[in-house]
Amino acid sequence: MSDHRHGEYKVQGGKLVVVDFDVVDQKIVGPSVSGDFFLEPDEALADINTALDGMSTESSHANYAAAITAALRSDAQLFGFSADAVAVAVRRALNKATGWLDHQWQVIGPTPLPTHMHVAMDEVLTRQVGAGNRPPTLRFWEWETPSVVIGSFQSVRNEVDPDGVERHGITVVRRISGGGAMFMERGNAITYSLYLPQTLVDGQSFEASYAYLDAWVMASLEKVGIKAFYQPLNDIATPEGKIGGAAQKRLANGGMLHHVTMSYDIDADKMTDVLRIGKEKISDKGITSAKKRVDPLRRQTGLSREEIIDVMIRTFKDRYAAVDSGFSDDELAMARELVETKFSTDEWLHRVP
(Lines give C-alpha, C1' and ligand atoms only; values in the text may rest on other atoms or scores of the structure.)
Protein backbone atom coordinates (compact mmCIF):
# COMPACT_ATOMS: atom_id res chain seq x y z
CA MET A 1 0.00 0.00 0.00
CA SER A 2 1.47 3.34 -1.06
CA ASP A 3 1.39 6.63 0.80
CA HIS A 4 1.66 9.78 -1.33
CA ARG A 5 3.91 12.58 -0.06
CA HIS A 6 4.35 16.21 -1.13
CA GLY A 7 7.06 18.61 0.04
CA GLU A 8 8.02 22.19 -0.80
CA TYR A 9 11.04 24.35 -0.01
CA LYS A 10 11.67 27.97 -1.01
CA VAL A 11 15.40 28.59 -1.25
CA GLN A 12 16.48 31.80 0.49
CA GLY A 13 17.12 34.26 -2.32
CA GLY A 14 16.37 31.48 -4.80
CA LYS A 15 13.56 29.41 -6.24
CA LEU A 16 10.79 27.04 -5.12
CA VAL A 17 11.56 23.32 -5.10
CA VAL A 18 8.66 20.83 -5.01
CA VAL A 19 8.86 17.07 -4.70
CA ASP A 20 6.11 14.43 -4.98
CA PHE A 21 6.51 10.71 -4.42
CA ASP A 22 4.90 7.59 -2.97
CA VAL A 23 6.21 5.68 0.02
CA VAL A 24 6.18 1.88 -0.27
CA ASP A 25 7.84 -0.30 2.37
CA GLN A 26 9.76 2.72 3.68
CA LYS A 27 11.16 3.46 0.22
CA ILE A 28 10.71 6.53 -2.01
CA VAL A 29 8.90 5.42 -5.16
CA GLY A 30 8.30 7.42 -8.36
CA PRO A 31 9.74 10.75 -7.22
CA SER A 32 8.99 13.84 -9.29
CA VAL A 33 10.96 17.03 -8.62
CA SER A 34 9.55 20.30 -9.99
CA GLY A 35 9.67 24.04 -9.38
CA ASP A 36 10.41 27.45 -10.87
CA PHE A 37 14.18 26.88 -10.82
CA PHE A 38 16.46 26.65 -13.86
CA LEU A 39 18.33 23.48 -14.82
CA GLU A 40 20.58 22.59 -17.72
CA PRO A 41 20.46 20.25 -19.54
CA ASP A 42 16.84 19.11 -19.36
CA GLU A 43 17.93 15.50 -18.86
CA ALA A 44 19.45 16.39 -15.49
CA LEU A 45 15.96 16.47 -13.97
CA ALA A 46 15.58 12.76 -14.72
CA ASP A 47 18.97 12.18 -13.06
CA ILE A 48 17.70 13.82 -9.86
CA ASN A 49 14.51 11.75 -9.86
CA THR A 50 16.42 8.53 -10.53
CA ALA A 51 18.82 9.27 -7.67
CA LEU A 52 15.95 9.53 -5.19
CA ASP A 53 13.96 6.56 -6.48
CA GLY A 54 14.25 3.63 -4.09
CA MET A 55 16.04 5.52 -1.31
CA SER A 56 15.04 4.80 2.28
CA THR A 57 12.64 7.19 3.96
CA GLU A 58 14.98 6.99 6.96
CA SER A 59 17.96 8.41 5.06
CA SER A 60 19.57 11.60 6.30
CA HIS A 61 19.56 14.96 4.58
CA ALA A 62 23.24 14.44 3.77
CA ASN A 63 22.54 11.08 2.12
CA TYR A 64 19.80 12.49 -0.12
CA ALA A 65 21.98 15.43 -1.17
CA ALA A 66 24.99 13.19 -1.80
CA ALA A 67 22.95 10.78 -3.94
CA ILE A 68 21.65 13.64 -6.09
CA THR A 69 25.10 15.19 -6.47
CA ALA A 70 26.62 11.84 -7.48
CA ALA A 71 23.89 11.23 -10.09
CA LEU A 72 24.17 14.62 -11.80
CA ARG A 73 26.07 14.60 -15.07
CA SER A 74 29.27 16.63 -15.21
CA ASP A 75 27.77 19.37 -17.39
CA ALA A 76 24.67 19.88 -15.20
CA GLN A 77 24.04 23.43 -14.03
CA LEU A 78 21.56 24.24 -11.28
CA PHE A 79 20.28 27.81 -10.97
CA GLY A 80 18.24 29.00 -7.98
CA PHE A 81 18.38 25.66 -6.19
CA SER A 82 20.76 22.86 -5.21
CA ALA A 83 20.96 19.22 -4.21
CA ASP A 84 20.61 20.39 -0.61
CA ALA A 85 17.39 22.22 -1.48
CA VAL A 86 15.90 19.06 -3.00
CA ALA A 87 16.93 17.14 0.12
CA VAL A 88 15.09 19.66 2.32
CA ALA A 89 11.93 19.27 0.20
CA VAL A 90 12.18 15.48 0.50
CA ARG A 91 12.62 15.66 4.27
CA ARG A 92 9.66 18.04 4.54
CA ALA A 93 7.53 15.61 2.55
CA LEU A 94 8.49 12.98 5.12
CA ASN A 95 7.68 15.34 8.03
CA LYS A 96 11.31 15.31 9.13
CA ALA A 97 12.01 18.94 8.21
CA THR A 98 9.72 21.89 8.75
CA GLY A 99 9.21 25.49 7.70
CA TRP A 100 8.35 28.53 9.83
CA LEU A 101 4.66 28.36 8.96
CA ASP A 102 4.40 24.68 9.91
CA HIS A 103 4.39 25.83 13.54
CA GLN A 104 2.13 27.96 15.73
CA TRP A 105 4.62 30.46 17.13
CA GLN A 106 4.26 32.24 20.44
CA VAL A 107 5.87 35.48 21.67
CA ILE A 108 6.82 36.34 25.25
CA GLY A 109 7.38 40.08 25.51
CA PRO A 110 10.09 41.74 27.64
CA THR A 111 9.75 40.29 31.14
CA PRO A 112 12.10 41.26 34.01
CA LEU A 113 13.78 38.26 35.63
CA PRO A 114 16.87 37.79 37.81
CA THR A 115 19.83 37.01 35.55
CA HIS A 116 20.15 33.44 36.82
CA MET A 117 16.48 32.91 35.95
CA HIS A 118 17.05 34.20 32.42
CA VAL A 119 19.70 31.59 31.63
CA ALA A 120 17.73 28.87 33.42
CA MET A 121 14.59 29.79 31.47
CA ASP A 122 16.55 29.38 28.23
CA GLU A 123 17.27 25.76 29.13
CA VAL A 124 13.73 25.09 30.38
CA LEU A 125 11.95 26.49 27.32
CA THR A 126 14.35 24.80 24.90
CA ARG A 127 13.65 21.46 26.58
CA GLN A 128 9.91 22.14 26.62
CA VAL A 129 9.85 22.82 22.88
CA GLY A 130 12.00 19.78 22.16
CA ALA A 131 9.66 17.60 24.21
CA GLY A 132 6.59 18.97 22.45
CA ASN A 133 5.23 20.58 25.64
CA ARG A 134 5.39 24.13 24.26
CA PRO A 135 5.05 25.57 20.74
CA PRO A 136 8.13 27.25 19.26
CA THR A 137 8.57 30.58 21.03
CA LEU A 138 10.29 33.95 20.75
CA ARG A 139 11.19 35.55 24.11
CA PHE A 140 12.58 39.01 24.84
CA TRP A 141 14.72 39.49 27.95
CA GLU A 142 14.47 42.33 30.47
CA TRP A 143 17.14 43.05 33.08
CA GLU A 144 16.82 43.54 36.83
CA THR A 145 20.51 43.91 37.74
CA PRO A 146 23.79 44.74 35.92
CA SER A 147 25.14 41.44 34.65
CA VAL A 148 27.74 39.60 32.63
CA VAL A 149 26.61 36.44 30.85
CA ILE A 150 29.54 34.35 29.67
CA GLY A 151 29.47 31.62 27.03
CA SER A 152 29.34 27.95 27.94
CA PHE A 153 33.00 27.34 27.10
CA GLN A 154 34.58 30.60 28.26
CA SER A 155 37.04 30.88 31.14
CA VAL A 156 35.78 33.02 34.00
CA ARG A 157 39.22 34.35 34.91
CA ASN A 158 40.08 35.13 31.28
CA GLU A 159 36.82 36.95 30.53
CA VAL A 160 35.85 38.74 33.74
CA ASP A 161 37.76 41.27 35.85
CA PRO A 162 36.88 40.53 39.50
CA ASP A 163 37.76 44.05 40.67
CA GLY A 164 35.47 45.62 38.08
CA VAL A 165 32.70 43.15 38.93
CA GLU A 166 32.90 44.05 42.63
CA ARG A 167 33.20 47.77 41.97
CA HIS A 168 30.09 47.92 39.77
CA GLY A 169 27.98 45.27 41.55
CA ILE A 170 27.85 42.93 38.57
CA THR A 171 26.15 39.52 38.59
CA VAL A 172 28.15 36.95 36.61
CA VAL A 173 26.41 33.87 35.16
CA ARG A 174 27.24 31.19 32.62
CA ARG A 175 24.72 30.23 29.90
CA ILE A 176 24.27 26.91 28.07
CA SER A 177 25.20 28.23 24.62
CA GLY A 178 28.66 29.02 23.29
CA GLY A 179 29.88 32.38 22.06
CA GLY A 180 31.25 35.39 23.87
CA ALA A 181 30.52 37.36 27.03
CA MET A 182 27.63 39.82 27.15
CA PHE A 183 27.56 42.92 29.39
CA MET A 184 24.03 43.91 30.39
CA GLU A 185 22.37 46.74 32.25
CA ARG A 186 18.74 47.80 32.28
CA GLY A 187 17.87 49.39 28.95
CA ASN A 188 21.30 49.03 27.34
CA ALA A 189 20.69 46.03 25.05
CA ILE A 190 18.06 44.09 23.15
CA THR A 191 18.26 40.39 23.88
CA TYR A 192 15.91 37.72 22.58
CA SER A 193 15.80 33.93 22.48
CA LEU A 194 14.20 31.63 19.93
CA TYR A 195 13.16 28.15 21.11
CA LEU A 196 12.50 25.88 18.14
CA PRO A 197 12.56 22.29 16.92
CA GLN A 198 15.75 21.39 15.07
CA THR A 199 13.56 20.28 12.15
CA LEU A 200 13.33 23.97 11.22
CA VAL A 201 17.03 24.05 10.29
CA ASP A 202 17.24 20.48 8.98
CA GLY A 203 20.03 20.15 6.43
CA GLN A 204 21.45 23.62 7.04
CA SER A 205 25.02 24.24 8.11
CA PHE A 206 25.55 25.96 11.45
CA GLU A 207 26.62 29.10 9.61
CA ALA A 208 23.55 29.11 7.35
CA SER A 209 21.19 28.51 10.28
CA TYR A 210 22.25 31.74 12.01
CA ALA A 211 21.27 33.96 9.10
CA TYR A 212 18.15 31.89 8.41
CA LEU A 213 16.81 32.22 11.96
CA ASP A 214 17.45 35.96 12.01
CA ALA A 215 16.00 36.90 8.61
CA TRP A 216 13.02 38.47 10.40
CA VAL A 217 15.42 40.56 12.49
CA MET A 218 17.10 41.96 9.38
CA ALA A 219 13.66 42.91 8.08
CA SER A 220 12.85 44.59 11.41
CA LEU A 221 16.09 46.57 11.40
CA GLU A 222 15.46 47.70 7.84
CA LYS A 223 12.11 49.11 8.97
CA VAL A 224 13.90 51.34 11.49
CA GLY A 225 16.45 52.48 8.93
CA ILE A 226 19.32 50.05 9.55
CA LYS A 227 20.89 47.97 6.78
CA ALA A 228 22.20 45.00 8.74
CA PHE A 229 24.03 41.89 7.59
CA TYR A 230 25.67 38.78 9.02
CA GLN A 231 29.42 38.49 9.44
CA PRO A 232 30.20 34.77 9.76
CA LEU A 233 29.83 33.03 12.00
CA ASN A 234 27.58 34.87 14.40
CA ASP A 235 28.02 38.66 14.29
CA ILE A 236 25.30 41.07 13.19
CA ALA A 237 26.80 44.22 11.72
CA THR A 238 26.04 47.42 9.82
CA PRO A 239 28.35 49.56 7.68
CA GLU A 240 29.02 51.53 10.88
CA GLY A 241 30.17 48.49 12.87
CA LYS A 242 29.06 45.46 14.85
CA ILE A 243 25.73 45.79 16.66
CA GLY A 244 25.20 42.28 18.01
CA GLY A 245 26.06 38.63 18.19
CA ALA A 246 24.20 35.32 18.21
CA ALA A 247 24.71 31.97 19.93
CA GLN A 248 23.06 28.55 19.70
CA LYS A 249 22.61 25.32 21.62
CA ARG A 250 21.06 22.10 20.30
CA LEU A 251 19.69 19.58 22.80
CA ALA A 252 19.46 15.81 22.45
CA ASN A 253 15.64 15.89 22.63
CA GLY A 254 15.38 17.89 19.39
CA GLY A 255 14.99 21.33 20.94
CA MET A 256 17.19 24.21 19.86
CA LEU A 257 18.09 27.57 21.39
CA HIS A 258 19.09 30.53 19.23
CA HIS A 259 19.60 33.84 20.96
CA VAL A 260 20.92 37.27 20.08
CA THR A 261 22.07 40.35 21.98
CA MET A 262 22.22 43.69 20.18
CA SER A 263 23.71 46.78 21.81
CA TYR A 264 21.34 49.70 22.29
CA ASP A 265 23.16 52.13 24.60
CA ILE A 266 26.08 50.38 26.33
CA ASP A 267 28.45 52.18 28.72
CA ALA A 268 31.70 51.23 26.97
CA ASP A 269 33.91 52.40 29.85
CA LYS A 270 32.08 50.23 32.35
CA MET A 271 32.03 47.29 29.94
CA THR A 272 35.79 47.36 29.48
CA ASP A 273 36.21 47.77 33.25
CA VAL A 274 34.25 44.57 33.83
CA LEU A 275 35.29 42.41 30.86
CA ARG A 276 38.81 41.43 29.91
CA ILE A 277 38.75 42.25 26.19
CA GLY A 278 42.24 41.58 24.91
CA LYS A 279 44.07 42.38 21.70
CA GLU A 280 43.60 38.86 20.28
CA LYS A 281 39.82 39.15 20.67
CA ILE A 282 39.71 42.19 18.39
CA SER A 283 42.63 41.24 16.14
CA ASP A 284 40.36 40.28 13.23
CA LYS A 285 38.11 43.33 13.56
CA GLY A 286 40.50 45.90 12.08
CA ILE A 287 40.22 48.10 15.18
CA THR A 288 42.49 49.05 18.06
CA SER A 289 40.01 49.56 20.88
CA ALA A 290 37.26 47.31 22.19
CA LYS A 291 35.17 50.43 22.84
CA LYS A 292 34.85 51.01 19.11
CA ARG A 293 33.07 47.66 18.75
CA VAL A 294 30.03 49.07 20.52
CA ASP A 295 27.77 50.79 18.00
CA PRO A 296 24.46 51.39 19.77
CA LEU A 297 21.13 51.11 18.01
CA ARG A 298 20.04 54.29 19.76
CA ARG A 299 22.54 56.38 17.81
CA GLN A 300 21.72 54.75 14.48
CA THR A 301 17.93 54.93 14.76
CA GLY A 302 17.08 57.78 17.13
CA LEU A 303 14.33 55.50 18.47
CA SER A 304 13.75 54.28 22.00
CA ARG A 305 14.63 50.71 22.85
CA GLU A 306 10.95 49.97 23.41
CA GLU A 307 10.04 51.28 19.95
CA ILE A 308 12.62 49.02 18.30
CA ILE A 309 11.43 45.97 20.24
CA ASP A 310 7.84 46.79 19.26
CA VAL A 311 8.82 46.81 15.57
CA MET A 312 10.60 43.48 16.02
CA ILE A 313 7.60 41.85 17.69
CA ARG A 314 5.17 43.16 15.07
CA THR A 315 7.42 41.98 12.24
CA PHE A 316 7.70 38.50 13.77
CA LYS A 317 3.94 38.27 14.34
CA ASP A 318 3.14 39.42 10.81
CA ARG A 319 5.55 36.95 9.22
CA TYR A 320 4.74 33.87 11.27
CA ALA A 321 1.20 34.47 12.63
CA ALA A 322 2.61 34.39 16.17
CA VAL A 323 0.44 34.97 19.25
CA ASP A 324 1.23 36.40 22.68
CA SER A 325 2.20 34.05 25.49
CA GLY A 326 3.82 33.95 28.91
CA PHE A 327 5.55 31.60 31.32
CA SER A 328 3.51 28.78 32.82
CA ASP A 329 3.70 28.08 36.55
CA ASP A 330 5.47 24.79 35.78
CA GLU A 331 8.08 26.55 33.63
CA LEU A 332 8.79 29.09 36.36
CA ALA A 333 9.11 26.31 38.92
CA MET A 334 11.49 24.33 36.69
CA ALA A 335 13.61 27.42 36.10
CA ARG A 336 13.84 28.17 39.84
CA GLU A 337 14.94 24.60 40.48
CA LEU A 338 17.62 24.86 37.79
CA VAL A 339 18.89 28.08 39.36
CA GLU A 340 19.31 26.28 42.67
CA THR A 341 20.84 23.08 41.31
CA LYS A 342 22.90 24.42 38.42
CA PHE A 343 23.12 28.05 37.39
CA SER A 344 23.80 29.62 40.80
CA THR A 345 26.42 27.03 41.75
CA ASP A 346 30.16 27.64 41.70
CA GLU A 347 30.55 24.27 40.01
CA TRP A 348 28.64 25.50 36.95
CA LEU A 349 30.00 29.05 36.90
CA HIS A 350 33.62 27.87 37.19
CA ARG A 351 33.36 24.70 35.13
CA VAL A 352 35.90 26.38 32.86
CA PRO A 353 38.04 28.25 35.43
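Because only heavy atoms are used, hydrogens play no part in the values below, and waters and symmetry mates are left out as well, while side chains stay in.
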Say whether, by atom type as modelled, one donor and one acceptor occur between the side chain of K249 and the main chain of S152 under 3.5 angstrom.
-> no
To the nearest 0.5 Å, what is the distance between OG1 (T111) and NE2 (H118)?
-> 8.0 Å
Is it true that K342 and E347 make a salt bridge, defined as a side-chain N closer than 4.0 Å to a carboxylate O?
-> no
Quick one: are L257 and Y195 in side-chain contact, heavy atoms under 4.5 Å?
-> yes
Minimum heavy-atom distance between V11 and A85, given as atom pair plus value | CG2-CB, 3.6 Å
Within 6.0 Å of CD in E337, more than 12 heavy atoms from elsewhere = no
Under 3.5 Å: donor-acceptor pair, side chain of N49, backbone of A46 = no
Short N-O contact, E222 and K227, less than 4.0 angstrom = yes
Between E340 and R336, is there a side-chain N and carboxylate O pair less than 4.0 Å apart?
-> no
Plane angle bin for F37 and F81 - parallel if under 30°, tilted between 30 and 60°, otherwise perpendicular | parallel
Can you see which heavy atom on A181 is nearest to which on E159, and at what distance?
-> CB-OE1, 4.5 Å
Here the gap from S325 atom OG to I108 atom CD1, rounded to the nearest 0.5 Å, amounts to 5.0 Å
Using atom types as modelled and distance alone, determine if a side-chain donor or acceptor of R276 lies under 3.5 Å from a backbone N or O of R157.
-> yes
Will you find, in the side chains of D214 and Y192, an N or O donor that is under 3.5 Å from an N or O acceptor?
-> yes
Does the N158 side chain pair with the main chain of S155, one donor and one acceptor, at a distance under 3.5 Å?
-> no
Say whether T115 and W143, considering side chains only, have a donor N or O and an acceptor N or O under 3.5 Å apart.
-> no
Do NZ/NE/NH1/NH2 and the carboxylate oxygens of E142 and R305 come within less than 4.0 Å?
-> yes
Any V323 side-chain heavy atom under 4.5 Å of K317 side chain = no
Any donor-acceptor pair under 3.5 Å linking the side chain of Q198 with the backbone of L251?
-> yes
What distance do T98 atom OG1 and D202 atom CG have between them, rounded to the nearest 0.5 Å?
-> 8.0 Å
For the residue pair T199 and K96, establish whether any side-chain heavy-atom pair is separated by less than 4.5 Å.
-> no
Do we get R250 above F206's six-membered ring, with its NZ or CZ under 6.0 Å from the centre and within 45° of the axis?
-> yes
Would you kindly say whether S32 and D20 are connected by a side-chain donor-acceptor distance under 3.5 Å?
-> no
Output yes when R167 and D273 qualify as a salt bridge under the 4.0 Å nitrogen-oxygen rule, no when they do not.
-> yes
Sub-4.5 Å side-chain heavy-atom contact between Q106 and L138 | no
Output the distance between atom CG (L39) and atom CD1 (I48), rounded to the nearest 0.5 Å.
-> 5.5 Å
For atom CZ of F38, decide whether the heavy atoms of other residues, nucleotides or ligands shown that lie under 6.0 angstrom number more than 12.
-> no
Taken to the nearest 0.5 Å, the spacing of L113 CG from M121 CE works out to 6.0 Å
Under a 4.0 Å N-O cut-off, is there an ion pair linking E240 with R299?
-> no
Donor + acceptor pair across side chains of E40, Q77 (<3.5 Å) = no
Validation row, ring centre H258 to ring centre Y210 under 6.0 Å | yes
Say whether S177 and R175, considering side chains only, have a donor N or O and an acceptor N or O under 3.5 Å apart.
-> yes
Would you please classify the geometry between the W100 ring and the Y320 ring as parallel, tilted or perpendicular, with 30° and 60° separating the classes?
-> parallel
CG of L332 to CE of M117: how many Å apart, nearest 0.5 Å?
-> 5.5 Å
Assess whether atom CG of D329 is packed by more than 12 heavy atoms of other residues, nucleotides or ligands within 6.0 Å.
-> no
For V19 and A93 the tightest heavy-atom approach is CG1-CB, 4.4 Å
Donor-acceptor contact present, side-chain D36 to main-chain L16, <3.5 Å | yes
Any donor-acceptor pair under 3.5 Å from N234 side chain to A246 backbone | yes
Do the side chain of R174 and the main chain of L349 share a donor and acceptor less than 3.5 angstrom apart?
-> yes
